S.K.: 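Here's a structure for you.
If you're wondering where the values come from, they're calculated on a predicted model, not measured in any experiment.
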Number of protein chains: 2
Amino acid sequence: MVTIKDVAREAKVSISTVSRVLNMSGYTSEKTKEKVLYAVKKLGYTGSLVAAAMIKKQTLTLGLIIPDIKNIFHSDLTRAVEDGANSHGFNIFLCNTDNNLQKEVEYIHLLIAKGVDGIIFSSPEVKDKNIKEVKEKFPDLPIVILGSKFHNLTINEILVDNFDGGYRATSHLLELGHKDIAFISGGIDSYSSIERHKGYKFALNESGIPINDDFVIFDRFYIESGYKNALKLLQKNKRPTAIFAGSDSIAVGIYKAARELNLKIPEQLSVVGFDDSQYAEILSPMLTTIHTPIKEMGQRAIEIIVKSIKEKKIFKETLVLYPTLVERESTMAVHSK
Amino acid sequence: MVTIKDVAREAKVSISTVSRVLNMSGYTSEKTKEKVLYAVKKLGYTGSLVAAAMIKKQTLTLGLIIPDIKNIFHSDLTRAVEDGANSHGFNIFLCNTDNNLQKEVEYIHLLIAKGVDGIIFSSPEVKDKNIKEVKEKFPDLPIVILGSKFHNLTINEILVDNFDGGYRATSHLLELGHKDIAFISGGIDSYSSIERHKGYKFALNESGIPINDDFVIFDRFYIESGYKNALKLLQKNKRPTAIFAGSDSIAVGIYKAARELNLKIPEQLSVVGFDDSQYAEILSPMLTTIHTPIKEMGQRAIEIIVKSIKEKKIFKETLVLYPTLVERESTMAVHSK
DNA sequence: TCTCCTTGTGGAAACGTTTCCTCATCTTTT
DNA sequence: AAAAGATGAGGAAACGTTTCCACAAGGAGA
C-alpha cells in the first residue's frame with residue numbers, strides 16, 4: 001500500500017506539505033503543489049480515509065437502519081437516502097433488522113464502534129426503546145427518525161401526516177358513495193397505523209357514518225396480512241364495499257383475496273392503498289393510493305443529518321410532509337342496488 | 001468518548017492488558033479479567049473499530065455495488081448479501097450506480113480509500129472495464145462478481161446458467177404447443193441476455209422451429225422496456241402466442257401491454273418470466289417464471305469473499321447455479337384453431 | 001539448586017493521517 | 001532601515017488501538 005510517506009519521499013517534500021496540498025489547506029507554492037500532484041499520480045496514491053478518520057473524528061459514513069430492504073417502501077427510501085448521502089460525500093451502511101429489537105441494538109453498537117457520523121432509522125412498526133438508550137449514551141450522535149414520533153427526545157423526525165392520509169383515502173371512498181368501508185393496517189402499536197386509523201374515523205364521523213369495529217383490523221404491513229384479513233372480511237354476511245389498506249403491500253393481499261372470492265375490483269370492491277410504491281402500477285387494475293413522498297423523506301433526512309454533522313450541533317427538527325391521493329383504477333362509485 | 005486508556009486507568013492495569021482481555025488473546029488471570037470487564041461496563045466502553053482497523057488492516061466492511069436497489073432483483077440480492085455479511089460480522093456499504101461507469105469508478109475509489117475488505121459487484125448490463133482496472137491496481141483486494149463472466153481475470157464469479165434457464169423457459173412453451181414464441185430481454189451486451197437467447201434458440205432448433213428474428217428483441221431489463229416492445233410485437237399481423245421475457249420486470253410490462261390490447265393471459269398469450277422475484281406472485285395471473293437462486297447467490301458471494309479475506313488469499317472460484325421453472329398461471333396450451 | 005517452561009503484566013512502537021507549532025524568507029508598511 | 005505581516009515548508013504530537021518485546025514470578029524437571 002502506498003502511503004503519504006511514499007509520496008513525500010517521491011516529491012522530496014515533507015509529509016505535512018503533501019497533506020496540505022491534498023486537503024487544500026494552508027499555503028503552498030505552485031511549484032511544490034505540482035511536484036506533489038505529480039508524485040501522487042505516479043505512485044497511484046489513494047490515501048486512507050480510516051487514518052484520516054482517526055484524527056478528524058469523521059468517517060463520512062452513515063448508518064441506515066430499516067426492517068427489510070426487500071420491502072418495496074424501504075428500497076425506495078433507501079435509494080433516496082443513498083443518493084442524498086452520496087451527493088454529500090457520505091456512504092451508508094445498510095442494516096436490516098426485521099423489526100427485531102435485539103438485532104437492532106447490535107447494529108447500533110456496531111455502527112457506533114465503526115464511528116458512523118450519524119444514524120437514520122426507519123422502523124415504523126416498533127416503539128423503540130433502543131433509540132432512547134442510544135440518545136442517552138451518545139447524546140452527540142446525530143439521529144433522524146423517519147415515520148415515528150418521539151415526543152421527549154431531542155431527535156430529528158420526518159413524518160408524513162398519516163392522519164391526513166387516512167382522511168383523504170376515506171373521504172375519497174365516501175365521495176364515491178361507499179358506506180361500508182373497512183380498514184386493514186399494520187400493528188396497533190405503530191404510529192402510522194394509529195394516525196391513519198384516526199383519519200379514517202374522522203372522515204366517517206364527518207359523514208355521520210357509524211364506525212363498525214368489525215371492519216377495522218390491525219395486523220402487519222405485509223401482503224400475507226392483507227390477504228388473510230381481507231379473506232375473512234369479505235366472507236362476512238355483510239361485507240364492505242370498499243377497503244382502505246394501510247399500505248400498498250396490504251392492498252396486494254386484498255387483491256389476491258378478492259380474486260380468490262371472484263370479486264371484481266373495482267366493480268364489486270373498491271380498494272385504496274397507502275405509499276404509492278412500485279406495486280401500485282403493477283397491480284391490475286392499477287391501485288388508487290395515497291402517495292407518500294418517499295423520495296423527499298430520504299432527501300430531507302440526509303439534509304438534516306448532514307447539517308447536524310457539519311455544524312456539530314444536535315437539533316430537534318420535526319418535519320411533516322403531506323400525502324396526496326393518486327387516483328388510478330381500483331376505486332369506483334358504489335353500485336346502487 | 002471513553003477510550004481504552006480510561007478503562008486501563010479505572011481498572012488499574014495497563015492498556016495492553018485491557019486489549020488482551022477484550023480480544024481474548026494471550027494470558028490474563030481471572031482476577032484482572034474481572035477488573036477490566038467491570039471497568040468496561042462501568043464506563044460504558046465500546047471501543048473504536050476505526051483505530052483497530054488502522055493496525056489490523058481490516059475494517060470488517062464490504063462494498064456492494066449494484067445498479068439500483070429499487071430493482072426488485074437487487075433488493076432481494078442485497079438482503080441475502082447483507083444477511084450473510086452480518087452473520088460473519090461484516091457490514092456493507094451500499095452503492096447504486098445506475099449502470100453508470102463513471103459513478104461506479106468513483107464508488108470503487110471511495111470504497112478502497114475507506115479500506116473495505118472486499119467488493120461484491122452485480123452489474124449484469126455492463127461489460128466492465130472498471131473491474132479490470134481495480135484488479136490491476138489492487139490485486140490483493142478480494143472481489144466477487146455476480147452474474148457476469150470474466151475470462152481472463154483472477155476474480156470470483158457466481159453465475160446462473162442462463163443458457164439453461166432460456167432453454168427451460170422456451171421448452172416449457174414448446175411443450176404447450178406454442179410455435180410463435182417471442183423473446184424480449186435486456187441489452188445485447190449483457191451476458192445474461194446473450195445466454196438466455198442462446199438457450200431460447202437452442203430449444204427452438206431442437207424442435208425444428210425456424211427462428212423469426214422479428215420475434216427477438218434486446219432492450220433493457222425494465223418494465224417500460226417490456227411494455228413498449230410487447231406493444232409493438234403484439235400489434236403485428238402475425239403476433240406471437242407466447243413471449244419469453246428476459247426478466248420478471250419485462251414480464252410486468254408485457255402484462256400491461258396485453259391488457260391494453262385486450263389480450264387475455266394466458267388464454268391468448270402465454271408469458272414466461274425470469275428471476276422469480278416478488279413480482280411473480282403479485283401479478284395476476286401469477287407469473288410462470290424461471291427461478292434464479294438469488295438468495296443462494298448472495299450467501300455464496302459472502303462465503304467466498306469471507307474465505308478469501310480470512311485466508312488472505314486471492315482465488316478464482318467460478319460457481320454456477322442452476323435455475324428451475326416455476327409453473328404458475330401465465331402459461332397454457334395454445335389454442336388449436 | 002539450577003535451568004527451563006508457563007503464566008501474567010507493562011512499556012513502547014506502529015498503523016497513516018492531520019494539525020499545531022516553529023522557523024525562514026520575502027514583501028509591505030511605517 | 002526596522003518592524004510587521006504574508007507566504008511557504010518541515011518537525012512532531014496526536015488520534016485509539018494492537019502487538020511485539022522484555023521482564024518477573026512461580027512451578028516442574030534434572
S.K.: Taking atom types as modelled, is there a side-chain donor on A:S75 or A:T78 under 3.5 Å from an acceptor on the other?
M.R.: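 A:S75 vs A:T78: no donor-acceptor pair found between side chains.
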S.K.: Would you say the side-chain atoms of B:N130 pair up with the backbone N or O of B:L101, donor to acceptor, closer than 3.5 Å?
M.R.: yes
S.K.: Classify the side-chain pair A:D83/A:S87 by whether it contains a donor and acceptor separated by less than 3.5 Å.
M.R.: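 Absent: no donor and acceptor within the cut-off.
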S.K.: Please give me every residue in residues 2-9 of chain A whose heavy atoms get under 4.0 Å of an atom in DNA chain C, ordered by residue number.
M.R.: A:T3, A:I4
S.K.: Nearest 0.5 Å please: distance from the CG atom of A:L62 over to the CG atom of A:L94.
M.R.: 12.5 Å
S.K.: Got a sec, which pairs hit side chain to side chain donor-acceptor pair (under 3.5 Å) with one end in residues 49-69 of chain B, sequence neighbours left out?
M.R.: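 Checked against side chain to side chain donor-acceptor pair (under 3.5 Å) - neighbours excluded - the pairs reaching residues 49-69 of chain B are A:R79-B:D68, A:K114-B:T61, B:T59-B:D117.
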S.K.: What's the angle between the local helix axes at either end of the helix from C:dT1-D:dA30 to C:dT30-D:dA1, using five pairs per end and rounding to 10 degrees?
M.R.: 50°
S.K.: Where along residues 44-51 of chain B does a heavy atom come under 4.0 Å from DNA chain D, residue by residue in number order?
M.R.: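 Per residue number, the list reads B:Y45, B:G47, B:S48, B:A51.
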S.K.: In residues 292-313 of chain B, what donor-acceptor pairs under 3.5 Å come from side-chain atoms, sequence neighbours left out?
M.R.:
{"unit_1": "B:T292", "atom_1": "OG1", "unit_2": "B:D275", "atom_2": "O", "d": "3.3"}
{"unit_1": "B:K307", "atom_1": "NZ", "unit_2": "B:E317", "atom_2": "OE1", "d": "3.4"}
{"unit_1": "B:S308", "atom_1": "OG", "unit_2": "B:K313", "atom_2": "O", "d": "2.5"}

S.K.: Mind jotting down which residue pairs meet the ring pair (Phe, Tyr, Trp, His ring centres under 6.0 Å) criterion with at least one end in residues 89-121 of chain A? Sequence neighbours excluded, please.
M.R.: A:F93-B:F93
S.K.: Within the side chain of B:N86, is there an N or O that forms a donor-acceptor pair under 3.5 Å with the backbone of B:E82?
M.R.: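 Side chain of B:N86 to backbone of B:E82: no pair is present.
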S.K.: Please state how far atom CG in A:L22 lies from atom C1' in C:dT18, giving the value in whole angstrom units.
M.R.: 12 Å
S.K.: Keeping the roles fixed (side chain from B:N96, backbone from B:I69), state whether a donor-acceptor pair exists under 3.5 Å.
M.R.: yes
S.K.: Taking DNA chain D as the partner, which of residues 52-60 of chain A come within under 4.0 angstrom of it by heavy atom?
M.R.: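 Close to the strand are A:M54, A:I55, A:K57.
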S.K.: Does the distance from a Lys or Arg side-chain N to an Asp or Glu carboxylate O, for B:E133 and B:K129, drop under 4.0 Å?
M.R.: yes
S.K.: Quick check on contacts: within residues 109-119 of chain B, what sits under 4.0 Å from DNA chain C by heavy-atom distance?
M.R.: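 When residues 109-119 of chain B is checked for heavy atoms under 4.0 Å from DNA chain C, there are no hits whatsoever.
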S.K.: Checking A:T17 against A:S14: is there a side-chain donor and acceptor pair closer than 3.5 Å?
M.R.: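 Their side chains do contain a donor-acceptor pair, which is all the 3.5 Å distance test asks for.
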S.K.: Quick one: which residue pairs count as a ring pair (Phe, Tyr, Trp, His ring centres under 6.0 Å) with a foot in residues 18-60 of chain B, not counting sequence neighbours?
M.R.: none
S.K.: In this structure, are over 12 heavy atoms from other groups packed under 6.0 Å from B:K132 atom NZ?
M.R.: no
S.K.: Using a 3.5 Å distance criterion without hydrogens, assess whether the side chain of B:Q278 forms a donor-acceptor pair with backbone atoms of A:K70.
M.R.: yes
S.K.: Identify, with sequence neighbours excluded, every residue that meets side-chain contact (heavy atoms from CB on, under 4.5 Å) alongside A:Q102.
M.R.: A:N100, A:V105, A:E106
S.K.: Counting only heavy atoms not in A:K5 (residues, nucleotides, ligands), do more than 12 fall under 6.0 Å from its NZ?
M.R.: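 No, because the 6.0 Å sphere around NZ of A:K5 holds 12 heavy atoms or fewer from other groups.
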S.K.: Give a yes or no answer on whether the side chain of B:N23 reaches the backbone of B:S25 with a donor-acceptor pair at less than 3.5 Å.
M.R.: no
S.K.: Round to the nearest Å and state the distance from B:M1 atom CE to D:dC15 atom P.
M.R.: 12 Å
S.K.: D:dT19 C1' sits how many Å from B:M24 CE, rounded?
M.R.: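 Computing the B:M24:CE to D:dT19:C1' distance gives 17 Å.
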S.K.: With sequence neighbours left out, write down each residue that passes side-chain contact (heavy atoms from CB on, under 4.5 Å) with A:T32, or none if nothing qualifies.
M.R.: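 In terms of side-chain contact (heavy atoms from CB on, under 4.5 Å), with neighbours along the sequence ignored, A:T32 is linked to A:V13, A:T28, A:S29, A:K35.
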S.K.: Each nucleotide N or O in nucleotides 8-13 of chain C that has a protein N or O under 3.5 Å away: list the pair and distance.
M.R.:
{"unit_1": "C:dT9", "atom_1": "OP1", "unit_2": "B:S29", "atom_2": "OG", "d": "3.2"}
{"unit_1": "C:dT9", "atom_1": "OP2", "unit_2": "B:S29", "atom_2": "N", "d": "2.9"}
{"unit_1": "C:dT9", "atom_1": "OP2", "unit_2": "B:S29", "atom_2": "OG", "d": "3.4"}
{"unit_1": "C:dT9", "atom_1": "OP2", "unit_2": "B:T32", "atom_2": "OG1", "d": "2.9"}
{"unit_1": "C:dG10", "atom_1": "OP2", "unit_2": "B:S14", "atom_2": "N", "d": "2.9"}
{"unit_1": "C:dG10", "atom_1": "OP2", "unit_2": "B:S14", "atom_2": "OG", "d": "3.1"}
{"unit_1": "C:dG10", "atom_1": "OP2", "unit_2": "B:T17", "atom_2": "OG1", "d": "2.6"}
{"unit_1": "C:dG10", "atom_1": "N7", "unit_2": "B:R20", "atom_2": "NH2", "d": "2.8"}
{"unit_1": "C:dG10", "atom_1": "O6", "unit_2": "B:R20", "atom_2": "NH2", "d": "3.4"}
{"unit_1": "C:dG11", "atom_1": "N7", "unit_2": "B:S16", "atom_2": "OG", "d": "3.1"}
{"unit_1": "C:dG11", "atom_1": "O6", "unit_2": "B:S16", "atom_2": "OG", "d": "3.2"}

